[in-house]
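Working notes, structure below.
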Amino acid sequence: MNYWLMKSEPSVFGIEQLAKAKNSTTGWDGVRNFQARNYLKEMKQGDLVFFYHSSCEIPGIAGVAAVQREAYPDPTQFDKKNDHYDAASDPSSPRWLMVDVKLVRKFDRVIALDELRKHADGKLKDMIVLKRGNRLSITPVTKSEWSFIESLERASR
DNA sequence: GCCAACGTTGGC
DNA sequence: GCCAACGTTGGC
């Protein structure tokens, strides 16, 4: 099983909305970056995901979700009215994929980016989301990073 | 294939 | 709102 981090802007879709969604599940559409797309392709059912809030008051990890459905073509790429429409994508060989994720647990508090950074020279020294200039919306997380962050969260409960 | 211009992300 | 960092596009 693998671990991931997926960014979402809470003003667009936050963990509260995931909690309220039918079956606490949502389709993660709109990814339009090749590297992120390749990670989507690697995701397996049951993989765990840190749900990260970006571009907001307190950027950080808001909870845990799990991959419910593995990669399938993102229909928004063929919808001319959609912001993520891609005229260059061929329906017989769709360029963009999406997965479905289900909420596992909303954290009692957001594990803020600030707090994660405190460990940027230690346990989280290789964490991609802490790297300068990182903009990738989907990144792999190592098992040790995952366990450490969960311990941070547990310690505060 | 290079690289300047442009658009986007996302923290601050 | 600013701006650094990065991906993509398109001219050559």
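Numbers restart at 1 for each chain; the letters A, B, ... are given by sequence-line order, proteins then strands. Hydrogens, waters and symmetry mates are skipped; everything else that's a heavy atom, side chains included, is used.
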Rounded distance in Å - CD1 (Ile128(A)) to C1' (dT9(B))
16 Å
N or O in side chain of Lys7(A) less than 4.0 angstrom from dG10(B) OP1/OP2
yes
Do the rings of Trp96(A) and Phe34(A) sit parallel, tilted or perpendicular, given the 30° and 60° boundaries?
tilted
Close side-chain approach of Pro59(A) to His53(A), heavy-atom, < 4.5 Å
no
Relative to the ring of Phe13(A), is the ring of Phe51(A) parallel (under 30°), tilted (30 to 60°) or perpendicular (over 60°)?
tilted
Atom CD of Glu9(A) and atom P of dG10(B): how far apart are they, to the nearest Å?
7 Å
Heavy atom of residues 30-39 of chain A under 4.0 Å from DNA chain C: which residues?
Asn33(A), Phe34(A)
Starting at atom CE of Met6(A), determine the distance to atom C1' of dG10(B), rounded to an integer number of angstrom.
17 Å
Figure out the CG/C1' separation between Asp114(A) and dC12(B), and round it to whole Å.
10 Å
Contact class for Ser55(A) (heavy atom, under 4.0 Å): base, sugar-phosphate, or nothing?
base
Could you walk me through whether Lys123(A) and Leu152(A) pass the side-chain contact (heavy atoms from CB on, under 4.5 Å) test, one step at a time?
CA-CA 11 Å; Lys123(A) 291 273 173 64; Leu152(A) 289 179; over 6 Å; no
If hydrophobic clusters are built by linking Ile, Leu, Val, Met, Phe, Trp and Tyr wherever their side-chain heavy atoms come under 4.5 Å apart, do Tyr52(A) and Met98(A) end up in the same one?
no
Please evaluate residues Met43(A) and Asn2(A) with respect to the criterion side-chain contact (heavy atoms from CB on, under 4.5 Å), reporting the C-alpha separation (whole Å), side-chain torsions for both, the decisive distance (0.1 Å), and the verdict.
CA-CA 7 Å; Met43(A) 289 184 180; Asn2(A) 288 310; over 6 Å; no
With heavy-atom distances below 4.5 Å as the criterion, would you say the side chains of Thr76(A) and Arg32(A) are in contact?
yes
According to a strict under-4.0 Å criterion, is Tyr52(A) in side-chain N/O contact with OP1 or OP2 of dG11(B)?
yes
For His53(A) and dT9(B), what is the distance between atoms NE2 and C1' respectively, to the nearest whole Å?
17 Å
Test applied, side chain to side chain contact (heavy atoms under 4.5 Å, CB included); reference residue, Met6(A); option that passes from Leu40(A), Thr139(A), Val31(A)
Leu40(A)
Under 4.0 Å protein heavy-atom contact, by nucleotide of nucleotides 3-8 of chain B - B base, S sugar-phosphate only
----BB
Stepwise side-chain contact (heavy atoms from CB on, under 4.5 Å) test for Phe107(A) and Ile61(A)
CA-CA 8 Å; Phe107(A) 288 166; Ile61(A) 298 168; 3.6 Å; yes
